[in-house]
Undergrad: 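What follows is a single structure, and I will ask about it in a moment.
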Amino acid sequence: MPSQTFESYYQSIRQRQKRESLLWSIGILIVYFYSGYLSEFSLSVVWQGIPHFFDYLSDILPTLHLPVLFADGHTKGSFAYWGYRLNIQIPLLGQTIAIAIAATLFSSLMATFASFPASNNTQIHWSLRYSLRSIAAFCRTMPELAWAVMFVMAFGVGPIPGFFALFLHSFGCQTKLFYETVEVASDKPVRGLRALGASRLMRMRYGLWPQVAPTFMSYTFMRLETNFRQSTILGLVGGGGIGQELMTSIKLDHYDQVSIVLIQIILVVSLLDFISGKLRHRLLKEMSV
Amino acid sequence: MQPEKLLSIVNLDKSYGNHHPVIKKLSMDLYAGELVAIIGRSGAGKSTLLHMINGTISTTAGDIIAFPDSDTPQKTHLLKGKALRHWRSQCGMIFQDFCLVPRLDVITNVLLGRLSDTGTLRSLFKFFPKKDVERAIELLEWTGLINHALQRAENLSGGQSQRVAIARALMQTPRILLADEPVASLDPKNTHRVMEALQEISAQNIAVMVNLHSIEQVKQYCSRVVGIASGEIIYNGSPDGLTEDIQQRIYANPAS
Amino acid sequence: MINHSNTISTSERSNNERQYAAIYASRRRHMVITFSLGLIILFYYIFFFYFNGLTPEQMFQGLDKLGQYFARMFIWRNVSQWPFGYYFTQIAVTLGIVFAGTFTATLLALPLSFLASRRVMNTFVLASISVVIRRLFDIMRGIDMAIWGMIFIRAVGMGPLAGVMAIFIQDTGLLGKLYAESHDAVDKRPSRGLSALGANHLQKHRFGIFTQSFPQFLALTLYQIESNTRSAAVLGFVGAGGIGLVYAENMRLWNWDVVMFITLVLVLLVMLMDKASELLRKKYIIGEDIPLFNQPTQHTEK
C-alpha cells in the first residue's frame, strides 16, 4: 500500500533535483564572480581591450600586394619579403619538434617503468609506490617554465635544458595517466601467469603490459602534440627552439614575423594532430606487444 | 608396478580469518597417471584446495608434500620466491575463465608456459628459443588449433580458449595438472574435447586433478573421484562406487 | 608425449606446413621490428645529443649546480620571514584566473561546440560552417597559453586579466573540440525517437544529444580546471599574473626553498581539487539513486 500518491512522489524527487541544481548554480556563480574579482576580470576592461586585441590581430597580418606577391625578398608586399627570416625560423621550428619528440619518447619510456610500481595492483611495497607517486606529482606540478629556468641556469642556454625541462614535466603527467590505466587493467591474465610460476616482472610484462600498451601509446601521441605546444615557449627563458624568435618578434613589434611564426606553429600542431589520429587508430588495431 | 606418488596432502586445514573453516583435516594422495575428479557443492572448498596446492592461497595448518617418495620431498606450502615459482612451473593450472592474455596471439600465450625457464632478457622481448616454439607448434597441432596460432586470444571461443590454456599448461612440462572447473562454461561438444585432452594427458604419466560439477563426466572420464562436503572428504575411490547415498551426502545441505 | 596420427591427409599436411612458415615468419618479423625500433630510437637520441649536446665540462658544471639547487630546495631558511600573505594571494589569484578563464570558456565553447559538431550540422551549408569553426578551434588551442598571454598583454596590459583571456581563448579551442567530439560520439537512437515525437531541432539537440554528452561535458570541464591550475603558473612568467611571478622572482634570487614550498602547496591544492572533482563526478556522472516509487521507507525521511 503506497503511503503517497505518484504525484507527490514525483514532486518530491523533482523538488530535490531542482533545489540541488539551484544550489549548484548559485555556488558556481559565487565562485565565478569571486574569481573574476581576484583576477581583475572586469567587463569594462575587456570591452576596452577587445578593440586593442583586434587591432593587434590586424597589425600582425602581413602586408601583401597582389601584383608583387611572388617578387624577391626586397620588395615590400611579397611572400618572400614576409618570410625573409624563414631560413632562420624553419631550423628553429625543427629544433622545437626535435625537442618535443625527444622529451615525449623519453618521458613515456620512463613513465612506463615508473607506472607499474606506482599502481596499486602490482603488489609493490607501498613506500616505493607512494614515493614514485609523489615524485611524479612534484614533477608535473612544477611548471615547465620553472624547470626550464632551472636547467638553463645550470647548463646554459640551448635545447638540452629545454629537453630536460619538458622531459621532467611530461614524465610527471604521463606517470599519473599511466598508473591510472594500469590500475583498471583486468586481473585475469595476471592470475593465470601467477599460477604458472611467472615472476613479478613477467606478470607485469605479460599480464598487464599487453592490456595497457595501446592506451599508453595513445597517451604518448597526445602528449607529443602537447609537448610541441609547450616547447614553443621554452625559448622564452632560453630553452631553445622557436620560442625565442617568437618572443623577440612580439616584444620588438616585428608584427609580420609574429604572424608567420604563429602560422608555422599552428600548421605543425594540426599536422601532428592529423598524423597522430591516423597512427593511433592503426596501432590500436594492429599493434602486437 | 606401483605408480609414483606425486603429492601427498596431510591433515590440511584452511580458514579465512575467524570464519567457518573451509577445509578440515583433509588428507589425500595423488599418483602419476591418475585423472582425479574433485566433486562437491559450490563453496565446499574444491577451488581453495587446488589453489593451495598451486600455492596461490596460503594454508592454515597441515602439510602439502610434493614428491614424497623421491629423494627431495618438498613441503610446498612453505615455499617462497623462486622455489615457489619453480614448484608452480611443475604443477600446471587451468581456470574456468581461462586466464589467457587477450591481446597476445595464441602461440605466444602457449609460449608463456615456459616463462619460468626463460631468461629475463629473452622473455622481456618475447624472444623465445626455437625449441620452445617448435614444442608450442606441436602442442597447438595436438589441440587442433594450429590454424589459429597467429590469432589474438581474445578472438577465440570458450572451448578454443580452454584448449589454448591446456596447451600453455603442458608447455610447462608439469608433473601435476590442476584444473579448476575447466568445463563449467563450455558446451557439451567442447566439454568432451577438453575432458578427452585431460584424459590423454593423464595417460602420459601426469597426475591430473580436476574440479567437476557433473557426475556423468566423472563416471565417463575419471579414474578416481574425491567427494568433499564442508571441507571434509566424504568419498575417495573409484567412480563406480559413487552410490546414490554417497552422492546425497556429498551434495547435502551443510546446515542440516 | 604427443602422438601424431598417421592418418593426416596430404592437403592437411601442406596446410600445416604453410602455417609453420607463417608462425616462424611472424616471430622473425617481431624480432626485426623490435631491433629496428630500438636502433631508430637510439640513433635519434645519439643525433639529438650530438647536435645539441653540451661539452663534458658544461655537463659537469651543470650537474654540480643542479645538485646545489636541489640541496637548497630541501633546506628551508628564514621561514618565519617569508611573505606568506603575498604567496597565498598570488596562489588565490592563479585560482581566480583559472576559474574565471575556464568558466567563461565553457560558456562560449558549449554553444560553439554544437556548431562544430558533425552530428548537428548535417546539411551542406551548416557542415561548411562547422568546418570553419573547427579550424578556428585548432588555431585557438594550437598556440600555447603563455603565447596568448603575451599577445593579450599587448591588448589589456600586464596583469591577471591577460591570463584570464589567455586561458579563455585556449580553452575555448580545446573544450570546444572535445565537446564537439563527445556530441558526435553519443548514441543516435534517442534523437531519432525524439524527432518521431515531433520535437523541433533545438529540443532534439537539448534532449537527444546534450543529455547524453553531459557527463562527458562535466568530466572534461572538471579535468580542464584541474589541468589549468597546473599550467596557469606559466602565465606569471610572461607577466600575465599569478603564481608564476613568484616562481620567476624567487628563482632569480636563488630562493629554491621558496620554489619548493610553492610547488608543494600547489601539489596539495591540485590533490584537493582532484578529490573534489571525483566527488562531483560520482554524483553527476555515475548518478545518484533515485528512490523507486512505492518504496516509501526510502524517501519519506528525506
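Quick note on labels: first sequence line is chain A, next is B, and so on, each numbered from 1.
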Undergrad: If you tally heavy-atom pairs under 4.5 Å against chain C, which of A:Ser134, A:Gly240, A:Ala102 wins?
TA: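 Heavy-atom pair counts peak at A:Ala102.
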Undergrad: So what's closer than 4.5 Å to chain A heavy atoms on C:Thr104: side chain, backbone, both or neither?
TA: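 For C:Thr104, heavy atoms of backbone and side chain both lie under 4.5 Å from chain A.
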Undergrad: Would you give the length of the straight line joining atom CD of A:Glu225 to atom CZ of C:Arg141, rounded to the nearest 0.5 angstrom?
TA: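 One finds 5.0 Å between CD of A:Glu225 and CZ of C:Arg141.
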Undergrad: Which distance, rounded to the nearest 0.5 Å, do you find between the CG of A:Leu246 and the CD1 of C:Ile147?
TA: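 Interatomic distance, A:Leu246 CG to C:Ile147 CD1, rounded to 0.5 Å: 4.5 Å.
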Undergrad: Quick one: which of C:Asp138, C:Ile143, C:Leu266, C:Thr102 has the most heavy-atom pairs under 4.5 Å with chain A, could you say?
TA: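 Winner by heavy-atom pair count: C:Ile143.
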Undergrad: For residues 40-64 of chain C, which residue pairs qualify under salt bridge (Lys or Arg N to Asp or Glu O under 4.0 Å), counting only residues two or more places apart or in two chains?
TA: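 Checked against salt bridge (Lys or Arg N to Asp or Glu O under 4.0 Å) - neighbours excluded - no pair reaches residues 40-64 of chain C.
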Undergrad: Verify, without hydrogens or angle tests, whether C:Arg154 (side chain) and A:Ile250 (backbone) share a donor-acceptor contact under 3.5 angstrom.
TA: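 A pair under 3.5 Å: yes.
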Undergrad: Can you say whether C:Arg252 sits under 4.5 Å from chain A via the side chain, the backbone, both, or neither, judging by heavy atoms?
TA: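 Interface part for C:Arg252: neither.
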Undergrad: Chain A heavy atoms under 4.5 Å from C:Phe152: which part of the residue, side chain, backbone, both or neither?
TA: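 Just its side chain gets close to chain A.
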Undergrad: I'd like to know whether C:Leu107 forms a side chain to side chain contact (heavy atoms under 4.5 Å, CB included) with A:Tyr32, so could you lay out the CA-CA distance, the side-chain angles of the two residues, the decisive distance to 0.1 Å, and finally the verdict.
TA: CA-CA 12 Å; C:Leu107 289 181; A:Tyr32 188 40; 4.3 Å; yes
Undergrad: Please classify the contact between C:Asp274 and chain A as side chain, backbone, both or neither, with a heavy-atom cut-off of under 4.5 Å.
TA: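 For C:Asp274, side-chain heavy atoms alone lie under 4.5 Å from chain A.
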Undergrad: Could you tell me which residues in residues 155-171 of chain C have at least one non-hydrogen atom under 4.5 Å from a non-hydrogen atom of chain A, sorted by residue number?
TA: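 Near chain A, by residue number: C:Ala155, C:Val156, C:Pro160, C:Leu161, C:Val164, C:Met165, C:Gln170.
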Undergrad: Donor-acceptor pair, distance only, cut-off 3.5 Å: does the side chain of C:Tyr45 make one with the backbone of A:Phe106?
TA: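 Pair found, side chain donor or acceptor close to backbone of A:Phe106.
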Undergrad: Please determine, among A:Leu105, A:Asp55, A:Ile28, A:Ile50, the option with the most heavy-atom pairs under 4.5 Å with chain C.
TA: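 Result: the option with the highest number of such pairs is A:Leu105.
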Undergrad: Report which part of A:Leu109 has an atom under 4.5 Å of a heavy atom belonging to chain C: side chain, backbone, both, or neither.
TA: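 No part of it gets close to chain C.
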Undergrad: Residues of residues 90-100 of chain C under 4.5 Å from chain A (heavy atom pairs)?
TA: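 Result: C:Ala92, C:Val93, C:Gly96, C:Ile97, C:Phe99, C:Ala100.
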Undergrad: List the atom of A:Arg140, the atom of C:Arg230, and the distance in Å for their closest heavy-atom pair.
TA: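 For A:Arg140 versus C:Arg230, the nearest heavy atoms are O-CD, 3.1 Å.
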Undergrad: For the backbone of A:Ala98 and the side chain of C:Tyr44, can you confirm whether one donor and one acceptor N or O come within less than 3.5 Å of each other?
TA: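 At least one qualifying donor-acceptor pair exists.
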Undergrad: Under a 4.5 Å heavy-atom cutoff, which of A:Thr141, A:Leu38, A:Val237, A:Ile60 has the most pairs with chain C?
TA: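 Looking at each option in turn, the highest pair count goes to A:Thr141.
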Undergrad: Shorter than 4.5 Å, heavy atoms on both sides: which option in A:Met142, A:Arg229, A:Gln95 has the most such pairs with chain C?
TA: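 Of the candidates given, the most pairs with chain C belong to A:Arg229.
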Undergrad: Give, for atom CE of A:Met150 and atom CZ of C:Phe70, the distance between the pair rounded to the nearest 0.5 Å.
TA: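 Going from CE on A:Met150 over to CZ on C:Phe70, the span is 3.5 Å.
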Undergrad: Between A:Met247, A:His169, A:Met153, A:Lys251, which has the largest tally of heavy atom pairs under 4.5 Å with chain C?
TA: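 Highest number of pairs under 4.5 Å: A:Met153.
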Undergrad: Among the options A:Pro159, A:Pro161, A:Gly243, pick out the one with the most heavy-atom pairs lying under 4.5 Å from chain C.
TA: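 Most heavy-atom pairs under 4.5 Å with chain C: A:Pro159.
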Undergrad: In this structure, are over 12 heavy atoms from other groups packed under 6.0 Å from A:Phe53 atom CZ?
TA: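 Count over threshold, so yes.
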Undergrad: Against chain A, label C:Leu63 side chain, backbone, both or neither, depending on which of its atoms sit under 4.5 Å from a heavy atom there.
TA: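 Both parts, backbone and side chain.
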Undergrad: Hey, could you give me the CZ/CD1 distance between C:Phe48 and A:Ile99, rounded to the nearest 0.5 Å?
TA: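 Reported value, rounded in 0.5 Å steps: 5.5 Å.
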Undergrad: Select, from C:Leu269, C:Ile139, C:Val238, C:Leu264, the one with the greatest count of heavy-atom pairs under 4.5 Å involving chain A.
TA: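 Most heavy-atom pairs under 4.5 Å with chain A: C:Ile139.
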Undergrad: Do C:Phe237 and A:Val149 pass the side chain to side chain contact (heavy atoms under 4.5 Å, CB included) test, and can you show the C-alpha distance, the side-chain angles, and the key distance before you say yes or no?
TA: CA-CA 10 Å; C:Phe237 281 84; A:Val149 169; 3.9 Å; yes
Undergrad: Just wondering, more than 12 heavy atoms not from C:Tyr223 lying within 6.0 Å of its OH?
TA: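 No, not enclosed.
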Undergrad: Report the C-alpha separation of C:Met150 and A:Val258 in whole Å, then their side-chain angles, then the decisive distance to 0.1 Å, and conclude whether the side chain to side chain contact (heavy atoms under 4.5 Å, CB included) test is met.
TA: CA-CA 11 Å; C:Met150 284 195 293; A:Val258 175; over 6 Å; no
Undergrad: Are there over 12 heavy-atom neighbours, none belonging to C:Phe49, within less than 6.0 Å of that residue's CZ?
TA: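 Atom CZ in C:Phe49 is packed in, count exceeds 12.
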Undergrad: Walk me through it: do C:Phe103 and A:Val31 pass the test side chain to side chain contact (heavy atoms under 4.5 Å, CB included)?
TA: CA-CA 10 Å; C:Phe103 282 151; A:Val31 171; 4.1 Å; yes
Undergrad: Using a heavy-atom cutoff of under 4.5 Å, enumerate the residues of residues 259-272 of chain A that contact chain C, numbered in order, or state 'none'.
TA: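 Result: A:Leu262, A:Ile265, A:Ile266, A:Val269.
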Undergrad: If I take atom CZ from residue A:Phe155 and atom CG from residue C:Leu66, how far apart are they, to the nearest 0.5 angstrom?
TA: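 If I round to the nearest 0.5 Å, the distance is 4.5 Å.
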Undergrad: How many angstroms lie between atom CZ of A:Phe151 and atom NZ of C:Lys65, to the nearest 0.5 angstrom?
TA: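 Interatomic distance, A:Phe151 CZ to C:Lys65 NZ, rounded to 0.5 Å: 13.0 Å.
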